[in-house]
**Q** 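Let me give you the structure first, and then I'll get to my questions.
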Amino acid sequence: MQRVNWDEALDRTAAVFKTFIEKYGPDSVAFYASGQCLTEEYYVVNKLIKGFIGSNNIDTNSRLCMSSAVVGYKMAFGEDSVPVCYDDIELADCFYVTGANPAWCHPILWRRVEAHKAANPDVKVIVVDPRVTDTCSIADLHLQLNPGTDVTLNHAIGRVIIENGDIDIDFITNHAEGFEAYSKLVFERTVAEAAVICGVSEADILLAAQYIGNAKGYIAMWTMGLNQSAIGVNKNLSLINLNLITGHIGKPGSGPLSLTGQPNAMGGREVGGLSNLLPAHRDMANPAHREEVARFWGGTAINPNPGLTATEMFEALNDGRLKAIWIMCTNPITSMPNARLVEEALKKAKFVVVQEISNKPETLAFADVILPAAAWAEKEGTMTNSERRISYLNKLIDPPGEALADAEIICRFARKLGYKGFDYENPAAIYAEHVKLTAKTNIDISGLSYGVLKERKTVQWPYKKKNAGAGTPRLFTDKKFYTPTQKAKIHAVADTLTSELPDNDFPFILTTGRIRDQWHTMSKTGKVNKLNQHYQQSFLEINPADAGRLGIKEGDVSIITSKRGTVQVKAKISNQIKQGVVFLPMHWGKILGNDLNRANNITSDRVDPISKEPDFKFCAVNVTRFKKPFQRIVVIGAGAGSYGFVKSYRELNCDDQITVFSKENHPFYNRVMLPDYISGEQQWEQLVKMTDEEEPGYNINLLRGVSIERVDRENKFVVDSRGIKTPYDVLLMATGSRAAVPKNVPTLPGIFTMRTRNDADGFKNTCPQTAMWLLWVAVCWA
């Protein structure tokens, strides 16, 4: 890599993209962005590729965390619309937290739940998770279900709610549709049967249904445990159904609240920043919507076919369909499932652009062009959080060096391609264009500007021009939804698990997740020493019964293998995880070039057929205790360092073959102490590290008086002074050193350097006074 200026970098990138587009078509290039991008950045890159290049090949790492929730909301309500606000937390008296550990992953929001529960002890908290997490500490009920059985559980709870008469007849009759099919479906299985499948007690299912049925305000919270699944959409819908049949939506203290995995995943969805979306929740399959957006942008016609999703992009790079990819603000080699395939895909890519703030992401190694981007405090823009609340981020400091804001980089690139409409004066102008495009839609924020946001600080959408106040706290208060019939849809979803199931070869279910003090791939949090103190390295969490059966003890290195790869980490034995299930944290990538800490070496690349979100939380693995393969170790030299290695190594491993070559015909001894031997302060026996009597106990082959004449590294053998070849797997050179004599020292009779006992014995044969003086000179020089 070599440093160039911005014009050179973007000229070359534009030339390559133009070449591919002309030769292979617009779908030969793609942008892979991030839920950490500002809304303005999302907007311009989406506009560039969909509105001018003519491809829908833009996706983001939000696909990896929120796309199943997006589809769930859209199918149930007509659009991707979170109906609640955070203030509903203090108004609810029942929380159903499933597939989430907000105590660690959404701690600020969860502090509000904890405070509300502390002030109101009758508030009920239900937690559904295969692990006992910190979120369970305030739970009235923990349903420690088997992974993948969420739909079964939610159906069973729905059945009991219906049996108990706790449904909202008026809402179901007048404001929803699909209840009859749903009711028929959930009664096909008894609660007792569901309890066996889920691995929980029937009594606990009945209790959960009672808590929800008796609630005056009921909030469902969920995140990756439901979303990151091959049946993620069905899991979402089965959960949202519980809000719909009880009428807990569109009123204070009630509603389904998906907990977003990234700071601006929702802002990206607002502008249509996924491969199947158009701005302001418009439908890509709708010709009128496509024509409306294309006319507004003034570019080319918008392709009616969805573009490549996150996983599909790297599959297309791997098989050659996709030629160039532009990666901004994300680290796919660590975060994508089946990470080794992603690595191979980037090796095969014809052209890779990486737009980054950090030198840590492994993706940089595959970049043809690296573009330095500004971080969040170094630029101006907006983000939208989980409750539809838009925040203005003011620029605090200038970016370092020649780094530029992401939106500025994209706009410069668009102009290099010759496209008009990217000459914005500032981020405020980008935002003004974005809000104008939302007018008369259900997420209408046409009344917003940077001026309003600076004044209001934060605003919840919708926020129309006629709005007063801070926007819209809750949606669907009029019980009118965004479906053609204006009714919510209760979906009778199939209870079929399509994840990679365990078998005799891979008998365990692997689930992955976060730890308390790290975030995503640690490109930022991993640099903070204090945050590394919680867990300093990756680990495998395994139940004591499973560990005992496998002969694994606490701290033992364990090998976790799937059909895609291997992870090798230390075991953490814990009763907090179910038998048959193991857990790996998802944060670690490569360390010193080694990827054996990377959970996504082994995670499944199966995806939900509708949302295309990967199945991070469920795959079949095998677990074994690590046993190091036999190795032949050759050590050259028999000094104190060599002895230290032999002693330490034999404490860990008694089986490997160790051969030590010693030029001297003596046991291991401490050459550093030869001056004391010469002076008489120590006897020879005090210098010896391993006596002849002790040597057999170390199970080594010490070849005394034999030196090494040649090392053949290619064929991995050494040739000794006898002409004998000795093969090795590991070679350690512990040859010691000779005292260094400075240049230009005048020649003095009797002065010499010493390295061996023979040298020392020769030194001792001089007269004592001369020996001591020469010893002092030699030591000073050394």
Side-chain angles (χ1 to χ4, degrees), residues 35 42 46 56 58-60 62-84 151 154 175-178 182 220 222-224 226-244 249-250 255-261 265-286 288-290 292-293 304-307 309-310 384 386-388 438 441-444 461-462 472 474-476 479-494 607-613:
Y42 259 120
N46 191 48
N56 292 324
I58 175 173
D59 219 48
T60 84
S62 297
R63 176 74 62 184
L64 309 182
C65 63
M66 292 307 299
S67 53
S68 291
V70 171
V71 175
Y73 280 134
K74 188 172 182 179
M75 290 177 68
F77 307 144
E79 282 192 16
D80 170 23
S81 300
V82 180
V84 299
V151 175
N154 292 335
H175 306 292
E177 52 192 13
Y182 171 77
W222 76 98
T223 183
M224 305 314 154
L226 264 63
N227 295 339
Q228 292 178 334
S229 171
I231 55 169
V233 171
N234 285 354
K235 287 182 178 181
N236 272 262
L237 290 171
S238 72
L239 180 64
I240 293 172
N241 284 342
L242 300 181
N243 280 91
L244 296 181
I249 190 166
L257 174 59
S258 59
L259 303 178
T260 305
M266 187 173 288
R269 284 138 59 188
E270 289 166 17
V271 302
L274 288 172
S275 64
N276 58 316
L277 302 180
L278 287 180
H281 294 181
R282 289 177 176 86
D283 188 352
M284 184 174 285
N286 187 321
H289 286 185
R290 294 197 306 274
E292 182 182 6
V293 175
N305 301 312
T309 63
T384 309
S386 295
E387 61 165 353
R388 296 171 286 104
T438 69
T441 69
N442 291 321
I443 68 166
D444 192 334
W461 61 256
T472 310
R474 297 176 189 88
L475 302 180
F476 313 127
K479 304 292 191 294
K480 292 181 180 179
F481 297 86
Y482 302 142
T483 61
T485 62
Q486 294 192 319
K487 291 184 177 183
K489 292 190 176 182
I490 301 169
H491 287 267
V493 295
V607 298
D608 184 283
I610 306 174
S611 71
K612 302 300 178 73
E613 182 160 353

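FYI, the numbering just counts along the sequence from 1. Note that this is a predicted model, so its numbers are computed, not measured.
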**Q** Only one of Ser68, Ser81, Ser258 passes side chain to side chain donor-acceptor pair (under 3.5 Å) with Tyr73; say which it is.
**A**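 Output: one option passes, namely Ser258.
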
**Q** Between Pro306 and Asn56, which heavy-atom pair has the shortest distance, and what is it?
**A**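 Minimum heavy-atom separation between Pro306 and Asn56: C-CB, 4.2 Å.
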
**Q** Counting distance only, does the side-chain N/O of Thr309 pair as donor-acceptor with the main-chain N or O of Lys612 below 3.5 Å?
**A**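 Not at all, since once roles are kept as given, no pair shorter than 3.5 Å links the two residues.
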
**Q** For residues Tyr482 and Leu475, determine if any side-chain heavy atom of one lies less than 4.5 Å from a side-chain heavy atom of the other.
**A**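 Tyr482 reaches Leu475 side chain to side chain.
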
**Q** How far does CG of Asn227 sit from CH2 of Trp222, to the nearest 0.5 angstrom?
**A**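 Output value for this atom pair is 7.5 Å.
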
**Q** Just wondering, do Ile58 and Ser275 contact through their side chains at under 4.5 Å, heavy atoms?
**A**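 The answer is no; the side chains never approach within 4.5 Å.
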
**Q** Can you tell me how far CE of Met66 sits from OG1 of Thr60, rounded to the nearest 0.5 angstrom?
**A**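 Taking OG1 in Thr60 and CE in Met66, the distance rounds to 11.0 Å.
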
**Q** With a 4.5 Å heavy-atom cut-off, do Val493 and Tyr182 have their side chains touching?
**A**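 No, every pair of side-chain atoms sits at 4.5 Å or beyond.
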
**Q** Mind checking whether Val82 and Phe77 have side chains closer than 4.5 Å, heavy atoms only?
**A**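 They are not in side-chain contact.
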
**Q** Let me confirm one number: the CD-CZ distance from Glu79 to Phe481, rounded to the nearest 0.5 Å.
**A**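 Between atom CD of Glu79 and atom CZ of Phe481 there are 13.0 Å.
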
**Q** Is a side-chain donor or acceptor of Asp608 paired with a backbone partner of Gly232 at a separation under 3.5 angstrom?
**A**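 Side chain of Asp608 to backbone of Gly232, a donor-acceptor pair under 3.5 Å: yes, one is there.
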
**Q** Do Arg63 and Asn276 come close enough that some side-chain heavy atom pair is under 4.5 Å?
**A**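 Of all side-chain heavy-atom pairs linking Asn276 with Arg63, at least one is under 4.5 Å.
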
**Q** Do any N or O atoms from the side chain of Thr384 and from the backbone of Met266 form a donor-acceptor pair under 3.5 angstrom?
**A**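 It does not hold such a pair.
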
**Q** If you compare all heavy atoms of Gln228 against all heavy atoms of Cys65, which two are closest, and at what distance to 0.1 Å?
**A**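 So the two residues come closest at NE2-CA, 4.3 Å.
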
**Q** Can you confirm whether Thr438 sits close enough to Pro279 that some side-chain heavy atom of one is under 4.5 Å from a side-chain heavy atom of the other?
**A**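 No, too far: nothing below the 4.5 Å cut-off.
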
**Q** Which heavy atom of Asn442 sits nearest a heavy atom of Pro462, and at what distance?
**A**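 Heavy-atom minimum between the residues: O-CG, 3.4 Å.
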
**Q** Calculate, to the nearest 0.5 Å, the distance between atoms CG and CD1 belonging to Leu237 and Ile231 respectively.
**A**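 If we round to the nearest 0.5 Å, Leu237:CG and Ile231:CD1 are 11.5 Å apart.
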
**Q** Of all heavy-atom pairs between Val84 and Pro256, which one has the smallest distance, and what is that distance?
**A**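 Val84 and Pro256 have their closest heavy atoms at CG2-O, 4.0 Å.
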
**Q** Scan residues 267-285 for pairs that pass salt bridge (charged side-chain N to carboxylate O under 4.0 Å, His left out), counting only residues two or more places apart or in two chains.
**A**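 For residues 267-285: Asp80-Arg269, Arg282-Glu292.
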
**Q** Say you draw a straight line from CG of Leu244 to CG of Leu239; how long is it, rounded to the nearest 0.5 Å?
**A**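 One gets 10.0 Å once the value is rounded to the nearest 0.5 Å.
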
**Q** Other residues, nucleotides and ligands only: do more than 12 of their heavy atoms fall within 6.0 Å of NZ on Lys479?
**A**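 Correct, the count exceeds 12.
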
**Q** Within the distance-only criterion (no hydrogens, no angle test), does the side chain of Thr483 pair as donor or acceptor with the backbone N or O of Lys487 below 3.5 angstrom?
**A**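 Yes; at least one donor-acceptor contact below 3.5 Å.
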
**Q** If every non-hydrogen atom of Thr485 is compared with every non-hydrogen atom of Glu177, which pair is closest and at what distance?
**A**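 Looking at all heavy atoms of both residues, the closest pair is OG1-OE2, 3.2 Å.
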
**Q** Where is the tightest heavy-atom contact between Ala76 and Ile240, given as atom of each residue plus distance?
**A**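 Heavy atoms of Ala76 and Ile240 come nearest at CB-CG2, 3.9 Å.
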
**Q** Under 3.5 Å, is there a donor-acceptor pair between the side chain of Asn236 and the main chain of Gly72?
**A**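 Checking the backbone N and O of Gly72 against the side chain of Asn236, no donor-acceptor pair under 3.5 Å is found.
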
**Q** How many angstroms lie between atom CG of Leu226 and atom CG of Asn154, to the nearest 0.5 angstrom?
**A**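 Rounded to the nearest 0.5 Å, the CG-CG separation comes out at 7.0 Å.
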
**Q** Is it the case that the side chains of Ser229 and Glu613 hold a donor-acceptor pair, with the cut-off being a distance below 3.5 Å and no angle test?
**A**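 There is no such pair (donor and acceptor under 3.5 Å, judged by atom type) between the side chains of Glu613 and Ser229.
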
**Q** Looking at side-chain heavy atoms only, is the closest gap between Ser238 and Val151 below 4.5 Å?
**A**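 Ser238 vs Val151: side chains touch.
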
**Q** Please verify the inter-ring angle class for Trp461 with His281; under 30° counts as parallel, over 60° as perpendicular, anything in between as tilted.
**A**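 Trp461 and His281: perpendicular rings.
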
**Q** With a 4.5 Å heavy-atom cut-off, do Tyr42 and Ser62 have their side chains touching?
**A**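 Of all side-chain heavy-atom pairs linking Ser62 with Tyr42, at least one is under 4.5 Å.
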
